[in-house]
Each structure stands twice: as structure tokens, then as C-alpha cells.
Novice: 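Here you go, one structure.
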Amino acid sequence: MKVLIALFVVVLVDVTSQCSCNTMKWARCDGDPCQCTLQFSKPYKQPIDCTKLIPKCFLMKAEMYRARYNLITRSIGGKPVETAFVDNDGIYDPECENEGKFKAIQCNGTDVCWCVNSAGVRRSDKGDKNIKCEPVETYWVHLELKHKDVAVPLDATKLKIGIENALLERYKLDKKFVSEVKYDKDGRLIVVDVKKPEKERITDLSLMTYYMEKDIKFKPLFQDYKPFEVSVEGSKVSMENILVYYVDEVAPTFTMQRPTGGIIAVIVVVSLIVIAGLLVLVSTIYFSSFI
Ligand SMILES: *[C@@H]1O[C@H](CO)[C@@H](O)[C@H](O)[C@H]1NC(C)=O
């Protein structure tokens, strides 16, 4: 009897471990050989490779589908360079190429269209269906992470090693792409620059950022739900927020860069000085005509 139970357990464990997808908790896996798919719409399922991170374009489509059917929802510091930008639009229903890359033009199922980079983030103004878009690669992502309180202050050098290890283990990101890690102890701010050589088309940086935003702001996309933690000198550091800037090989084409508060204040002060100057000038001329 014991042998039978043992055999049963072995078979059970074997079947379940063979057919699941740790890189994607929303995946449906079944069959022999094991096949994993992501659901995008009622009849359509995208086959996926669970040995890798799933392309962001597929994940966004699946997320839109899940939001539509109430399965889940999502809501979504300083620029590294002037051309860097953040994702203010949040999620839309993207058009993906066969391998899971974003099409350069996206319309969210409407007549309003815009251009996106390889990370699927809008890099142009919105226009109509005739808008011209070229594929543009995001070669640099600038991550601003805020870590939770820690008992002992972190050592910046050890922190860099910890970040590199965490990104490699969790998101399979080669350490050579982590170009810089800066640390502000008082603000609990960790700034990580992940860069690949321009023209490199093998690594997709958007994979990592999408998984990472989910890990930190929402819930991990990984089946095992293990949180994202950075190990620094044996202690685990977890993150409470993340902001991602994207830098593309070609600068984005937004026309209306809205003036920020600081610029508006400067404009107001300059205008006041000019007006005051004019008043002085006018009154000087006016009074001098009486002398
Ligand atoms: C895309 O469309 C959905 C509704 O279908 C809307 O909630 C969402 O805000 C749109 N996203 C963008 C970026 O326009």
C-alpha cells in the first residue's frame, strides 16, 4: 500500500511540475507534451515559451483581456537625459508582431493612433490612422527604486552587486548591461541605469521593466509569488516604488512638452520684472515731461 501511495505521489508531482509555467502565473498549461498559452480574447490563445520571460506586448494584451473580464486590474524623480520619458498612458490593447514585438504604430482598437518604441511606450503625439511610425529601439532604461526601511545603512558597492545579482536571477539580465548604480541613503533611492549597445537587437529591456513594475507596485507575475528582493550583505532589501524612464535610439517626437511648474514660475517672474521695468520707464517719461 505504502509503495502504491508513494508511486501515486511521484506521478502526481511529476505531472504538475512538468506542466506549469513559473515565468507567468496567468498562463494555462496542459497536454503532453506540455503546452502553455496566454489568453488574449475569447477564441484566441497565444502559445508561449515558459523557459523565458514573456514578451511585454503579449503580457499587455493578456492584461487588457483580463481587465475587460474583471480578472485583474492595474493602475500604473529626474530624467537621465533630456530625451528620456516615462509611460504616462498606462495600459492599452497593443498589436504585437508574431514574436511578441510591439508594432511601431498602436491604436488601442480605436481611430486614434500613436507611435511606440520597442518597449511599447508612446513616443509621439496622438494622431489618426495615417500617422507614420518607424520602429525605434529603447536601448537604455533608467530605474528609480525606493527601498523600504532597513535596520543597517546599505553599502553602495555591495548594493550594486546585490542589484546585479537580483536582475540576473529574476529577469535573466546579463550583468554587463547594468551600467551604473547610484545610491542616496537619506532618500532611500537607488538609481539603476541599464544600457545595451546601440544597434543590439537581441536583448529586450522592456521585458525586465514590465516584470519589475509588477513585482514592486503590484504582485509578481511569477507563479511562485516570491517577492523581488535584493540581497545586500546577507540581508534582504525590498522595494516600495519604481519609476522607469525610457531612452530610445532616436529622440521621441512629442511636440507639446508641457512646461513644468519650475519653468512656469520663471516665466511669471520674468514677466513681472519686464512689466515693472516698463512702468518705471513710462512714469519716468511722464513725470520728466512736467519738469
Ligand atoms: C485604451 O482603451 C481602453 C478602453 O478600451 C482605455 O481604458 C484605455 O485608457 C486606453 N488606453 C490608451 C493609452 O489610450
Side-chain angles (χ1 to χ4, degrees), residues 24-27 37-46 48 53-77 79 83-144 204-219 221 241-260:
M24 187 61 247
K25 66 182 178 195
W26 303 334
T37 53
L38 268 183
Q39 180 113 38
F40 287 171
S41 59
K42 269 286 182 243
Y44 187 66
K45 290 192 185 121
Q46 172 69 41
I48 52 170
L53 297 188
I54 314 304
K56 179 180 172 187
C57 198
F58 288 166
L59 291 180
M60 268 172 75
K61 280 197 90 60
E63 189 169 340
M64 281 299 287
Y65 170 79
R66 296 174 66 81
R68 208 171 293 137
Y69 289 94
N70 260 333
L71 297 167
I72 51 120
T73 45
R74 138 182 166 163
S75 63
I76 269 230
K79 286 187 181 194
T83 52
F85 52 103
V86 296
D87 181 0
N88 286 317
D89 291 353
I91 191 147
Y92 59 93
D93 188 13
E95 297 268 338
C96 311
E97 307 277 7
N98 291 337
E99 351 63 279
K101 287 193 192 323
F102 285 90
K103 294 212 163 130
I105 177 171
Q106 295 289 342
C107 309
N108 198 19
T110 65
D111 290 337
V112 180
C113 304
W114 58 85
C115 306
V116 299
N117 57 22
S118 61
V121 178
R122 182 160 69 87
R123 47 169 276 113
S124 76
D125 294 326
K126 291 188 177 176
D128 60 20
K129 283 199 145 83
N130 300 318
I131 189 170
K132 290 274 165 291
C133 302
E134 299 290 329
V136 177
E137 190 83 5
T138 300
Y139 77 103
W140 175 5
V141 291
H142 177 83
L143 316 172
E144 294 190 357
D204 177 359
L205 298 180
S206 73
L207 285 178
M208 181 202 82
T209 57
Y210 197 76
Y211 272 85
M212 210 168 171
E213 286 196 309
K214 290 292 178 199
D215 274 341
I216 294 170
K217 289 194 186 169
F218 306 96
K219 286 206 179 90
L221 291 172
N241 207 356
I242 178 169
L243 178 68
V244 183
Y245 284 95
Y246 299 86
V247 186
D248 295 348
E249 289 183 0
V250 179
T253 61
F254 303 109
T255 50
M256 294 288 286
Q257 291 278 11
R258 265 163 280 130
T260 57

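Counting starts at 1 for both ligands and their atoms, in listed order.
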Novice: Return yes if some donor-acceptor pair links the side-chain N/O of Asn117 with the main-chain N/O of Gly120 below 3.5 Å, else return no.
Specialist: yes
Novice: Report yes if the distance between the aromatic ring centroids of Trp114 and Tyr92 is under 6.0 Å, otherwise no.
Specialist: yes
Novice: Can you tell me how the ring of Trp140 sits relative to the ring of His142, calling it parallel under 30°, perpendicular over 60° and tilted otherwise?
Specialist: perpendicular
Novice: Nearest protein heavy-atom contact for atom 5 (O) of ligand 1: which residue, which atom, what distance?
Specialist: Met64 CE, 4.4 Å
Novice: With the threshold set strictly below 4.0 angstrom, can you tell me whether any protein non-hydrogen atom sits that near atom 1 (C) of ligand 1?
Specialist: yes
Novice: In this structure, does ligand 1 have an atom that sits under 4.0 Å from one of the heavy atoms of Ile91?
Specialist: yes
Novice: Counting only heavy atoms closer than 4.0 Å, does ligand 1 sit against the backbone of Thr110, its side chain, both, or neither?
Specialist: neither
Novice: Can you check atom 7 (O) of ligand 1: any protein non-hydrogen atom closer than 4.0 Å?
Specialist: no
Novice: Using a 4.0 Å cut-off to any heavy atom of Asn108, which atoms of ligand 1 qualify?
Specialist: 1 (C), 2 (O), 3 (C), 8 (C), 10 (C), 11 (N), 12 (C), 14 (O)
Novice: So does Lys219 have more than 12 non-hydrogen atoms from other groups sitting under 6.0 Å from NZ?
Specialist: no
Novice: With a 4.0 Å cut-off, would you call Lys214 and Glu63 a salt bridge?
Specialist: yes
